[in-house]
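Scroll down for the structure; my scribbles are underneath it.
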Amino acid sequence: MDSTYTIIIADDHPLFRNALFQSVHMAISGANLLEADSLEALLALLAKEDEPDLLLLDLKMPGANGMSGLIQLRAEYPDLPIVVVSASEEPAVVTQVKSHGAFGFIPKSSDMRALVSALNQVLNGEPFFPEGSITNNAACNDLAEKIATLTPQQYKVLGMLSDGLLNKQIAYELNVSEATIKAHMTAIFRKLGVKNRTQAVILLQQLESEA
């Protein structure tokens, strides 16, 4: 395979990052491998890195819990192939991951041979999801579709709402006016089909509890 692939491994567990490094090297020798141990570190890496070929993403690491990190990354980097590598292997989780636009899902319980095989399939441009792992959950899919309509900025506002920040605090953090935040709120409520911030936060928490 071409040795010019740039692959980012985002996981807060050093031992598992190391295992993934070994698997990637077995699948593709000479790849440019980068790593991040938090969502903040990952976003900083993506901001300065030219179009990585693949992101291997853990669902749970500092700054990201459940689907929230995946959704934010999908919104900000729509063309970046993201493969989730997670210990949460329930069909509902895999289905959520797929509905939020991930290119694949690799269970952390996979042995080295299975990891290498899945990575080869993904690098060849074919999505990888474990056989029989996708369920048809209409409620999850509906929520995923609603969340996917949010802009990256709206998603950030929703995340800060979930953290309990007030409008003026969010405005300060994002360096915009309070009126802008109120406009974002109106758009968020409309897109999610909710009436207030409490209902919006509950929806986000439902997403995060799925993983």
Side-chain angles (χ1 to χ4, degrees), residues 8-12 36-47 49 51-52 54-106 122 127-129 133-165 170 173-174 181 184-194 197-211:
I8 299 176
I9 296 173
D11 193 297
D12 63 333
D37 59 4
S38 68
L39 184 61
E40 184 180 5
L42 174 58
L43 290 170
L45 195 58
L46 287 169
E49 192 64 36
E51 292 298 316
L54 180 63
L55 167 61
L56 299 175
L57 177 71
D58 184 19
L59 287 178
K60 293 181 179 177
M61 60 181 179
N65 185 35
M67 300 294 158
S68 59
L70 172 60
I71 295 168
Q72 183 176 344
L73 290 161
R74 187 75 287 145
E76 294 192 35
Y77 299 94
D79 297 326
L80 172 63
I82 300 175
V83 172
V84 168
V85 184
S86 177
S88 301
E89 302 170 16
E90 299 83 4
V93 173
V94 182
T95 302
Q96 280 266 74
V97 163
K98 186 175 184 181
S99 69
H100 287 307
F103 196 66
F105 183 98
I106 300 175
V122 167
F128 175 86
F129 292 92
S133 63
I134 304 298
T135 62
N136 185 18
N137 188 323
C140 283
N141 292 340
D142 181 56
L143 180 53
E145 286 172 9
K146 287 178 178 177
I147 293 285
T149 65
L150 299 181
T151 66
Q153 191 80 333
Q154 287 167 356
Y155 189 78
K156 284 179 187 172
V157 170
L158 179 57
M160 290 179 177
L161 269 185
S162 183
D163 290 336
L165 272 63
I170 297 173
E173 290 289 334
L174 297 180
I181 297 303
H184 280 317
M185 297 278 200
T186 301
I188 290 167
F189 297 165
R190 177 176 49 78
K191 288 179 176 181
L192 297 185
V194 297
R197 64 169 59 208
T198 303
Q199 291 177 348
V201 168
I202 288 171
L203 276 186
L204 185 64
Q205 289 170 345
Q206 283 176 6
L207 265 184
E208 296 185 344
S209 69
E210 289 293 337

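- Atom CG of Leu70 sits about 10.5 Å away from atom CG of Leu39, to the nearest 0.5 Å.
- With sequence neighbours excluded, the residues satisfying side-chain hydrogen bond (donor to acceptor under 3.5 Å, both in side chains) with Glu76 are Gln72.
- Ala41 is linked by a side-chain contact (heavy atoms from CB on, under 4.5 Å) to Ala36, Asp37, Ser38, counting only residues two or more places apart in sequence or in another chain.
- Partners of Arg197 according to the side-chain hydrogen bond (donor to acceptor under 3.5 Å, both in side chains) rule, which considers only residues two or more places apart in sequence or in another chain, are Asn167.
- Scored by the side-chain contact (heavy atoms from CB on, under 4.5 Å) test, Glu173 finds Met160, Leu165 as partners (sequence neighbours excluded).
- Taking the side-chain contact (heavy atoms from CB on, under 4.5 Å) definition, one finds that Thr198 meets it with Asn196, Ile202, sequence neighbours left out.
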Audit row: Val85, Ile9, side chain to side chain contact (heavy atoms under 4.5 Å, CB included) steps and yes/no: CA-CA 9 Å; Val85 184; Ile9 296 173; over 6 Å; no
Residues Leu73, Leu43; criterion side chain to side chain contact (heavy atoms under 4.5 Å, CB included); working and verdict: CA-CA 8 Å; Leu73 290 161; Leu43 290 170; 3.8 Å; yes
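- Side-chain atoms of Arg74 come within 3.5 Å of backbone atoms of Leu80 as a donor-acceptor pair (strictly under, hydrogens ignored).
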Audit row: Leu150, Leu158, side chain to side chain contact (heavy atoms under 4.5 Å, CB included) steps and yes/no: CA-CA 9 Å; Leu150 299 181; Leu158 179 57; 3.8 Å; yes
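- Taking Val201 as the reference, Leu161, Ser162, Gln205 meet the side-chain contact (heavy atoms from CB on, under 4.5 Å) condition, with sequence neighbours excluded.
- Partners of Lys191 by side-chain hydrogen bond (donor to acceptor under 3.5 Å, both in side chains), not counting sequence neighbours, listed by chain and number: Gln154.
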Residue pair Leu56, Asp11: steps toward the side chain to side chain contact (heavy atoms under 4.5 Å, CB included) verdict: CA-CA 8 Å; Leu56 299 175; Asp11 193 297; over 6 Å; no
